[in-house]
Novice: 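Attaching a single structure in structure tokens format; questions to follow.
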Amino acid sequence: MPELPEVETITRQLRNRVLGQRVKGVDILDPKLQGQAIERIRGGVISSLRRRGKNIIFGFGGTLYLIAHPRMTGQFSWHIDGNSLKHLRAIFHMSGGDLCWIDQRRFGTLMVSEDLNLLSGLGVEPLSPEFNEGYLYQITRRSLRRIKEFLMDQGRIAGIGNIYAAEILFSAGIHPQRRANTLSRGETDRLAAKTKAILSKAVQEKGTTIDNYLDTEGGKGNYQKLLQVYGRAEEPCPNCGHPIERIRQSGRSTYFCPHCQRMK
DNA sequence: CCGCCAGCCTGAAGGC
DNA sequence: TGCCTTCAGGCTGGCG
């Protein structure tokens with residue numbers, strides 16, 4: 001569910017509250033999460049909190065890590081109500097309060113590891129300087145994949161999901177089914193710039209809440225108000241008024257304006 | 001390498 | 001009211 005901006009928001013909020021705190025205990029309520037040896041972090045002090053792609057990484061002195069991935073509906077929260085109680089999957093008892101892991105669909109993962117090798121397959125961070133116009137041009141040259149799948153391929157660029165892929169491509173005026181290696185230098189330049197612009201703006205707005213994403217304080221994001229095409233099938237394109245189309249691409253909904261985003 | 005599909009889960013929404 | 005289908009922001013593994 002959450003993509004880079006939502007995971008970044010969660011990570012920042014957690015960092016403000018849990019750095020330096022000790023994990024006094026862990027309750028694993030969902031049997032799916034057992035066998036991950038999560039209790040190994042008991043007694044550890046959280047020394048770092050960061051995001052990599054859509055993963056949230058709690059560091060314990062550089063020798064142990066807790067890696068959380070929310071997938072579709074996973075979320076951390078300091079608050080539990082009658083509704084979220086149903087989906088409470090784990091509780092981290094911190095010196096400063098109880099942190100709950102809530103996950104309606106149970107796709108989310110929690111893993112403990114002594115290193116971060118599990119994340120070694122992730123591609124570049126789109127908001128880092130490493131990801132720039134030249135880099136995007138270069139990596140698209142070798143790919144025959146369609147550009148939307150390319151953007152969502154975590155092994156190439158880490159953190160973009162279905163919503164932001166649609167918004168980025170609309171903003172760059174590129175059809176989601178164009179092959180990556182057919183984009184011109186001008187188009188990849190625009191795509192790189194729009195990727196950064198949209199993701200940064202969405203981070204600033206604390207992400208997008210469409211269905212059930214909430215931050216660690218139970219707050220919604222604001223970016224859903226700024227969505228141009230995602231979820232807007234049949235509505236007029238904000239640029240040209242042509243109805244926005246919804247197609248199925250690799251099993252996922254893809255929204256775009258056929259007039260502003262041409263196959264050429 | 002590429003695309004497609006099923007599968008992992010739960011719940012909401014819409015049609016009948 | 002209830003049953004059925006479809007859909008959902010992610011990712012993996014298998015197949016052709």
Side-chain angles (χ1 to χ4, degrees), chain A residues 1-10 29-36 51-56 67-76 82-90 101-111 118-123 126 139-170 176-182 198-199 202-203 205-215 220-234 246-255:
Chain A
M1 129 200 218
E3 305 180 36
L4 185 154
E6 293 75 32
V7 178
E8 179 65 26
T9 301
I10 293 165
L29 307 176
D30 183 348
K32 265 187 93 178
L33 296 172
Q34 276 154 10
Q36 302 294 330
R51 178 193 60 74
R52 178 76 174 94
K54 300 172 192 171
N55 296 272
I56 302 156
I67 305 169
H69 193 307
R71 297 287 181 103
M72 299 288 256
T73 55
Q75 51 187 263
F76 282 110
N83 199 44
S84 49
L85 188 58
K86 274 202 299 257
H87 309 127
L88 181 58
R89 309 299 181 198
W101 173 248
I102 298 161
D103 186 9
Q104 185 198 107
R105 290 174 70 182
R106 300 170 65 210
F107 291 156
T109 56
L110 297 176
M111 287 175 300
L118 289 164
L119 306 180
S120 61
L122 289 174
I139 63 173
T140 49
R141 290 316 88 190
R142 302 178 308 242
S143 176
L144 302 169
R145 301 192 80 181
R146 296 181 293 192
I147 191 63
K148 183 183 177 229
E149 280 89 336
F150 183 95
L151 286 179
M152 291 172 64
D153 181 346
Q154 304 300 300
R156 293 194 160 98
I157 305 168
I160 300 173
N162 204 35
I163 294 180
Y164 295 108
E167 295 298 307
I168 289 165
L169 288 168
F170 173 74
Q177 295 183 317
R178 291 275 305 282
R179 304 278 160 182
N181 68 348
T182 67
I198 286 185
L199 294 177
V203 167
E205 298 297 330
K206 297 186 163 62
T208 299
T209 297
I210 289 175
D211 196 5
N212 45 26
Y213 165 75
L214 297 175
D215 64 27
K220 295 184 176 188
N222 295 309
Y223 197 80
Q224 63 277 10
K225 297 167 193 159
L226 302 179
L227 294 176
Q228 307 291 294
V229 290
Y230 184 84
R232 298 190 177 279
E234 320 284 311
R246 176 188 162 203
I247 57 172
R248 203 121 188 109
Q249 195 173 337
S250 292
R252 323 286 307 274
S253 285
T254 297
Y255 300 88

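Naming: A, B, ... by sequence-line order, numbering from 1 per chain.
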Novice: Parallel, tilted or perpendicular for A/Tyr223 and A/Tyr164, by the 30°/60° rule?
Specialist: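 Correct class here is tilted.
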Novice: Quick one: A/Leu118 CG to C/dC11 C1', roughly how many Å, whole number?
Specialist: 14 Å
Novice: Would you write the dot-bracket representation of DNA chain C, where each base gets (, ), [, ], | or . depending on whether it forms a Watson-Crick or G-U pair under 3.5 Å and with which partner?
Specialist: .|||||||.|||||||
Novice: What nucleic acid atoms does A/Thr109 come within less than 4.0 Å of, heavy atoms only: base, sugar-phosphate, or nothing?
Specialist: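 No contact.
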Novice: Which heavy atom of A/Thr73 sits nearest a heavy atom of A/Asp103, and at what distance?
Specialist: OG1-OD1, 2.6 Å
Novice: Measure from CG on A/Leu88 to C1' on B/dC9 and round the result to the nearest Å.
Specialist: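 These atoms are roughly 17 Å apart.
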Novice: So, does A/Gln34 use its side chain to make a donor-acceptor pair with the main chain of A/Leu29 at under 3.5 Å?
Specialist: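 Not a single qualifying donor-acceptor pair exists.
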Novice: How far apart are the closest heavy atoms of A/Gly207 and A/Glu6, and which atoms are they?
Specialist: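 That closest heavy-atom pairing would be CA-OE2, 3.3 Å.
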Novice: Indicate, with a heavy-atom threshold strictly under 4.0 Å, whether A/Tyr230 touches base, sugar-phosphate, or nothing.
Specialist: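 Sugar-phosphate, no base atom in range.
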Novice: I need the minimum non-hydrogen distance between A/Ala158 and A/Gly53, along with the two atoms involved.
Specialist: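 In terms of heavy atoms, the two residues are closest at CB-CA, 3.7 Å.
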Novice: Mind checking the P distance from C/dT1 to B/dT10? Whole angstroms is fine.
Specialist: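 Those two atoms are separated by 24 Å.
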Novice: Rounded to whole Å, how long is the line connecting atom CD1 of A/Ile67 with atom P of C/dG10?
Specialist: 19 Å
Novice: In whole angstrom, what separates A/Asn212's CG from B/dC9's P?
Specialist: 18 Å
Novice: Using a cut-off of under 3.5 Å, enumerate the N/O to N/O pairs linking the protein to nucleotides 10-13 of chain B.
Specialist:
{"residue": "B/dT10", "atom": "OP1", "partner": "A/Arg106", "partner atom": "NH1", "Å": "2.8"}
{"residue": "B/dT10", "atom": "O2", "partner": "A/Gln104", "partner atom": "OE1", "Å": "3.4"}
{"residue": "B/dG11", "atom": "OP1", "partner": "A/His87", "partner atom": "NE2", "Å": "3.1"}
{"residue": "B/dG11", "atom": "O4'", "partner": "A/Gln104", "partner atom": "OE1", "Å": "3.4"}

Novice: To check you understand the geometry: which heavy-atom pair defines the closest contact between A/Arg51 and A/Val7, and what is its length?
Specialist: CG-CG1, 3.6 Å
Novice: Go through C/dA8, C/dG10, B/dC9 for me and flag the one nearest to the A/Arg252 side chain.
Specialist: C/dG10
Novice: Are more than 12 heavy atoms from other residues, nucleotides or ligands located less than 6.0 Å from atom NZ of A/Lys220?
Specialist: no
Novice: By a 5.5 angstrom centroid cut-off and a 30 degree plane limit, is there stacking between A/Phe107 and C/dC11?
Specialist: no
Novice: Say you pick atom P in C/dT5 and the same atom in B/dA6; how far apart are they, in whole Å?
Specialist: 15 Å
Novice: Between A/Asn181 and A/Ser143, is there a side-chain donor-acceptor contact under 3.5 Å, judged purely by atom types and distance?
Specialist: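 Side-chain D/A pair, A/Ser143 to A/Asn181: absent.
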Novice: Might you point out which heavy atoms bring A/Ala180 and A/Phe150 nearest each other, and give the distance in Å?
Specialist: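 Heavy atoms only, the tightest pair is CB-CD1, 3.9 Å.
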Novice: Which whole-number value in Å describes the distance from A/Asp30 CG to B/dC9 P?
Specialist: 9 Å
Novice: With a cut-off of less than 4.0 Å, is there a side-chain N or O of A/His69 near OP1 or OP2 of C/dC11?
Specialist: yes
Novice: What's the NZ-C1' distance between A/Lys32 and C/dT12, to the nearest Å?
Specialist: 12 Å
Novice: Provide the closest heavy-atom pair for A/Arg232 versus A/Gln224 in the form atom of the first, atom of the second, distance.
Specialist: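 Smallest interatomic distance, heavy atoms only, reads NH2-O, 4.4 Å.
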Novice: Start with the C-alpha distance between A/Ser253 and A/Arg246, add both sets of side-chain angles, then the distance that settles side chain to side chain donor-acceptor pair (under 3.5 Å), and finish with yes or no.
Specialist: CA-CA 6 Å; A/Ser253 285; A/Arg246 176 188 162 203; 2.9 Å; yes
Novice: Just how far, in rounded Å, is P of B/dC9 from CG of A/Asp103?
Specialist: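 Checked: the CG to P distance equals 11 Å.
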Novice: Could you tell me whether A/Lys206 and A/Asp215 make a salt bridge, using a distance below 4.0 angstrom between a side-chain N and a carboxylate O?
Specialist: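 No, this pair does not count.
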Novice: Show each protein N/O and nucleotides 1-4 of chain B N/O combination with a separation under 3.5 Å, one pair to a line.
Specialist:
{"residue": "B/dC2", "atom": "OP1", "partner": "A/Ser143", "partner atom": "OG", "Å": "3.3"}
{"residue": "B/dC2", "atom": "OP1", "partner": "A/Leu144", "partner atom": "N", "Å": "3.3"}
{"residue": "B/dG3", "atom": "OP1", "partner": "A/Arg146", "partner atom": "N", "Å": "3.4"}
{"residue": "B/dG3", "atom": "OP1", "partner": "A/Arg179", "partner atom": "NH1", "Å": "2.9"}
{"residue": "B/dG3", "atom": "OP2", "partner": "A/Arg145", "partner atom": "NE", "Å": "3.2"}
{"residue": "B/dC4", "atom": "OP2", "partner": "A/Arg146", "partner atom": "NH2", "Å": "2.8"}

